[in-house]
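Counting starts at 1 for both ligands and their atoms, in listed order.
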Amino acid sequence: MGDRRALVTGITGQDGSYLAEFLLERGYDVYGLIRRSSTVNFERIRHIQDDVHLLSGDLLDQNSLMFAIQEARPHEVYNLGAQSFVPASWAQPLLTGEITALGVARLLEAIRSTDAEIRFYQASTSELFGKVRESPQTETTPFYPRSPYGVSKVYGHWITINYRESYDMYACAGILFNHESPRRGLEFVSRKITNGVARIKHGRDSRLLLGNLDARRDWGYAGDFVRAMWMMLQQETPDDFVIATGRDRTIREFCEAAFGSVGLDWEEYVQVDERFLRPAEVEVLRGDPSKARRVLGWEPEVSFEEMVAMMVERDMELVALEK
Ligand code: NAP
Ligand code: F7E
């Protein structure tokens with residue numbers, strides 16, 4: 001066993017794969033929790049599959065979390081596992097609550113009863129702010145979630161703080177604003193757009209159907225954001241941090257940048273389809289990362305334009321490979 005061991009839930013997801021790479025580079029023994037499925041979904045971790053230890057478990061199953069903690073004996077646990085797609089949380093609000101809310105308590109209980117010295121990171125989100133009470137949003141901005149996902153994350157956030165205060169555990173919540181990459185799931189708007197651009201450019205599609213084009217998000221690059229998760233757990237005392245770029249843009253602007261990067265005019269291809277509108281929308285999010293800058297020394301390195309170009313470039317390659 002190595003000197004530093006970390007357990008990552010959600011290792012097969014976008015952030016889990018970047019965080020696992022980051023921790024491996026720093027010499028950690030990395031353990032990842034994976035849930036059983038009838039087809040393997042290791043696309044994002046195939047290149048590091050032999051370097052990490054994969055443990056079978058589920059945030060719905062208390063015993064499996066206990067076994068995972070006992071097996072990995074981690075110094076740090078990063079809870080990135082969640083039902084993370086906002087529209088799916090209206091279709092499956094109870095499942096979302098079980099995984100995204102109660103799953104956090106299950107994991108904290110497994111840690112508390114095994115080794116309360118373990119440092120814990122909870123993946124909180126800008127969706128806590130929802131219908132924003134002030135702008136930009138900071139660590140002290142009141143919450144007003146707008147989806148079953150957001151409501152579940154409010155529980156996960158407060159139970160993390162409550163375990164810190166009740167049991168003196170080293171537990172941090174990172175309030176991360178949207179972060180994207182070529183590994184983003186295809187259903188999220190950023191990747192839906194860059195994949196759509198690639199399919200249109202290759203002649204596979206002629207239009208792209210989207211929902212609310214006026215929504216504004218503070219988009220950063222996932223590779224930069226996972227670094228902040230690790231930085232939070234290296235502090236002397238546990239605390240909560242907003243991680244954001246400090247700039248917001250509309251979905252239209254994302255389209256303009258993505259289509260523009262391959263010389264296309266987005267307005268010729270994008271159409272609004274009401275099926276993609278939400279029952280309650282988060283209209284605008286913009287984070288203030290000054291505490292993270294001051295205390296952690298964290299700064300984003302990849303710009304919005306670089307990230308969009310990176311995503312379109314990768315999707316151009318992937319679509320070219322599709323039969
Ligand atoms: P993602 O790509 O959707 O990955 C979610 C991960 O959770 C996957 O590995 C998934 O496993 C796993 N998972 C789902 N249900 C589970 C269960 N019952 N038990 C164990 N694992 C389960 O999400 P992401 O974008 O990487 O985000 C990582 C975390 O940060 C999530 O908690 C998300 O809510 C939060 N967050 C994301 C953002 C963002 O902009 N990306 C911002 C703030 C917070 P499968 O592969 O088996 O489905
Ligand atoms: O939507 C609008 C949509 O699904 C962004 C998750 O990682 O970040 C993510 O949640 C905006 C919304 O991300 C489409 O209405 C327009 O206003 O990419 P998204 P999200 O809902 O912000 C937060 C921080 C998380 O924590 C979540 O886990 O884009 N939008 N048209 C669309 N969105 C989608 N998905 N599809 C559209 O066609």
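- Applying the 4.0 Å criterion to heavy atoms of T125 picks out, from ligand 1, the atoms 43 (C), 44 (C).
- Contacts between Y149 and ligand 1, counted as non-hydrogen atom pairs separated by less than 4.0 Å, involve the side chain only.
- For ligand 1, none of its N or O atoms has an N or O atom of N79 under 3.5 Å away.
- The parts of D58 lying near ligand 1 are both backbone and side chain, judged by heavy-atom distances below 4.0 Å.
- Across R278, E127, E187, heavy-atom proximity to atom 4 (O) of ligand 2 is greatest for R278.
- A salt bridge is defined here as a Lys NZ or Arg NE, NH1 or NH2 lying under 4.0 Å from an Asp or Glu carboxylate O, and E268 with R207 fails to meet this definition.
- Here is the list of ligand 2 atoms found below 4.0 Å of a heavy atom in A215: 17 (O).
- Taking the six-membered ring where the residue is Trp, Y121 and Y78 present tilted rings, their angle falling between 30° and 60°.
- Within the 3.5 Å criterion, the main-chain N or O of E98 finds a donor-acceptor partner in the side chain of R106.
- Ligand-side atoms of ligand 1 in range of T12: 8 (C), 9 (O), 11 (O), 45 (P), 46 (O), 47 (O), range being under 4.0 angstrom from any heavy atom.
- Around the CD atom of E313, the shell of radius 6.0 Å holds no more than 12 heavy atoms that belong to other residues, nucleotides or ligands.
- Comparing R191, K192, E281 by heavy-atom distance to atom 38 (O) of ligand 2, the nearest is K192.
- Taking every heavy atom of both residues into account, L33 and I11 meet most closely at O-CG2, 3.9 Å.
- Salt-bridge formation is detected for the pair R199/E322: a Lys NZ or Arg NE/NH1/NH2 atom is positioned less than 4.0 Å from an Asp or Glu carboxylate oxygen.
- Residue-level proximity to ligand 1 for R35 is carried by the side chain, the only part with a heavy atom below 4.0 angstrom.
- Heavy atoms of R216 stay at 4.0 angstrom or farther from ligand 2.
- Of all the heavy atoms of A222, none lies under 4.0 Å from any atom of ligand 1, so neither backbone nor side chain is involved.
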